[in-house]
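To start, the structure itself, in structure tokens.
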Amino acid sequence: MKDLHSLLPHSMAATNLNSASIFLLTFALLFMVMGHEASNSGQYPVVVSTWPFLEAVRAAWRVVDNGFSAVDAVVEGCSACEELRCDGTVGPGGSPDENGETTIDALVMDGVTMEVGAVAAMRYIKDGIKAARLVMQYTEHTLLVGEQAAAFAISMGLPGPTNLSSSESMDKWTKWKENHCQPNFWKDVVPVDRCGPYHAKDFLGSSHGTCSKTTLMENIKSRSSHVGRHNHDTISMAVFDKMGNIAVGTSTNGATFKIPGRVGDGPIAGSSAYADDEVGACGATGDGDIMMRFLPCYQVVESMRLGMEPNLATKDAISRIARKFPDFVGAVFAINKKGVHAGACHGWTFQYSVRSPEMDDVKVYTVVP
């Protein structure tokens, strides 16, 4: 580093400044020099995503590496996953509900402005993350749902209405129906027929319906028996752009065979994802019905704000859930402003993907429970 006195303008150096003035000027110049060096440290941009969704991370990286914003990159990355139908749990054509219909949940959050746009249980529109961004850009709302979300997206130029089912999703639904609609997400109910309609078990007398209490009890299963990566998953992505600004996004077609109208944690800020430009970001995946009760990503970011490192912040957030729901399945990743990242999981082995300037391609990290 140059001698700080040499950085002073000649006229100022020759001026008879008092010691206090020289100290303040020296401090300001030192701050400017150090700030310049930090901005060129090479730690940005960075892309992090749940699971080995390599093409989604590459798509986001191409955008952010070319100088576009973190929000642009998140939308592009999640959109790529929707088009590829990652794991059958993102985008159209997967995860049918009890009626055989596929719906979309998505979210985008700008960690600089703290603006959020989200859609939930959205029908007929395949571009979930783009619809979420439109909500953020063109409304003062945070979340739109159902057919009204679809109508809004179409009015703003997205293609639709589109049938979001596929031959694969309909085949999966048909086999599920043949298996007496098991497993499902009902509890403490009596089905009038093997696949419903369902009534609260205290609502009907013993003479109603065809299923006994014994049949009801036999149908109760652990949540972990029907929650897993290939039927209950989300892409959650965080991006730092070249300026160090951060954004997060998510997209999912929800839990397979969910009760129609169900909204998971995907479009819930603080649960599936959260970002704060002053701290860092978090992404989550897993049993959203359980995880959204704890806002794990908000917890992770706030823990990092208080000085906790990402590895401890993620473990702490997951352990809070596991103490109350020991058989839940889920995971989170975190990245702080320094570019330090980590993940934690419960009930399954979790993988997350990273692309940063020192890497030639995406690297996948594995986290065990």
Side-chain angles (χ1 to χ4, degrees), residues 47-53 56-57 74 77-78 81 86-87 89-90 105-109 111 116 118 120 128-129 132 143 223-224 227-229 231-239 246-255 262-276 279-304 308 310-325 328-336 341-354 365-369:
V47 179
V48 188
S49 172
T50 53
W51 305 117
F53 295 150
V57 175
V74 159
C78 290
C81 220
C86 293
D87 278 350
T89 60
V90 179
D105 295 346
L107 169 148
V108 62
M109 180 175 187
V116 175
I129 191 70
L143 174 64
R223 292 185 66 86
S224 61
V227 175
R229 175 179 169 185
N231 65 4
H232 208 95
D233 193 18
T234 303
I235 180 172
S236 184
M237 177 179 285
V239 175
I246 194 168
V248 290
T250 69
S251 183
T252 179
N253 51 41
R262 179 259 189 185
V263 174
D265 69 329
I268 308 301
S271 186
S272 66
Y274 196 73
D276 188 323
V279 183
C282 169
T285 181
D287 188 347
D289 288 297
I290 298 297
M291 298 179 76
M292 68 197 301
R293 302 169 190 176
F294 295 82
L295 296 179
C297 277
Y298 179 79
Q299 179 67 54
V300 165
V301 172
E302 289 307 300
S303 293
M304 292 194 299
M308 196 176 290
N311 63 324
L312 294 179
T314 54
K315 290 177 182 177
D316 175 67
I318 289 295
S319 68
R320 290 169 184 257
I321 306 173
R323 283 197 296 269
K324 298 286 187 178
F325 295 92
F328 103 97
V329 174
V332 294
F333 72 77
I335 181 168
N336 65 17
H341 54 81
C345 60
H346 183 84
W348 59 7
T349 296
F350 172 55
Q351 292 181 302
Y352 68 97
S353 303
V354 179
Y365 293 82
T366 300
V367 181
V368 296

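When reading the values below, keep in mind they use all heavy atoms of this one structure, side chains included, and skip hydrogens, waters and symmetry mates.
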[X] and [Y]: which non-hydrogen atoms are nearest, and at how many Å?
{"X": "Thr349", "Y": "Pro369", "result": "OG1-CD, 4.1 Å"}
{"X": "Val301", "Y": "Gly280", "result": "CG2-O, 4.2 Å"}
{"X": "Ala313", "Y": "Val300", "result": "O-CG2, 3.7 Å"}
{"X": "Thr234", "Y": "Ala284", "result": "CB-O, 4.2 Å"}
{"X": "Val367", "Y": "Gly343", "result": "CG1-O, 3.5 Å"}
{"X": "Val329", "Y": "Met291", "result": "O-SD, 4.3 Å"}

Set of residues satisfying side chain to side chain contact (heavy atoms under 4.5 Å, CB included) with respect to [X], sequence neighbours excluded:
{"X": "Ala344", "result": "Thr314, Lys315, Ile318"}
{"X": "Ala120", "result": "Asp105, Leu143, Val145, Val263, Pro267"}
{"X": "Ala281", "result": "Ala238, Ile246, Val248, Ala275, Ile335"}
{"X": "Met292", "result": "Asp265, Ile268, Ser271"}

Quiz prompt | For Tyr298, all residues meeting ring-ring contact (aromatic ring centres under 6.0 Å, His included), sequence neighbours excluded | solution = Tyr274
Quiz item: Looking at residues at least two apart in the chain, or sitting in another chain, which of them share a ring-ring contact (aromatic ring centres under 6.0 Å, His included) with His341?
Solution: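 Partners of His341 under the ring-ring contact (aromatic ring centres under 6.0 Å, His included) test: Tyr352, Tyr365.
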Contact check, side chains of [X] and [Y], non-hydrogen atoms, under 4.5 Å:
{"X": "Thr50", "Y": "Phe350", "answer": "yes"}
{"X": "Lys324", "Y": "Phe294", "answer": "yes"}
{"X": "Met304", "Y": "Asp276", "answer": "no"}
{"X": "Val74", "Y": "Met109", "answer": "no"}
{"X": "Thr285", "Y": "Phe333", "answer": "no"}
{"X": "Ile290", "Y": "Ile321", "answer": "yes"}

Apply side-chain hydrogen bond (donor to acceptor under 3.5 Å, both in side chains) to [X] and list each qualifying residue two or more places apart in sequence or on a separate chain.
{"X": "Asn336", "result": "none"}
{"X": "Ser319", "result": "none"}
{"X": "Ser353", "result": "none"}
{"X": "Asn311", "result": "none"}

Quiz item: Under 3.5 Å, is there a donor-acceptor pair between the side chain of Ser236 and the main chain of Ser272?
Solution: yes
Exercise. Please test Ile235 against Thr250 for side-chain contact (heavy atoms from CB on, under 4.5 Å), starting from the C-alpha separation and ending with a verdict.
Key: CA-CA 5 Å; Ile235 180 172; Thr250 69; 6.0 Å; no
Quiz item: With sequence neighbours excluded, what pairs up with Cys282 under the disulfide (SG to SG under 2.5 Å) test?
Solution: Cys297
Quiz prompt | By disulfide (SG to SG under 2.5 Å) - contacts of Cys86 (at least two apart) | solution =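 Disulfide (SG to SG under 2.5 Å) list for Cys86, sorted by chain: Cys81.
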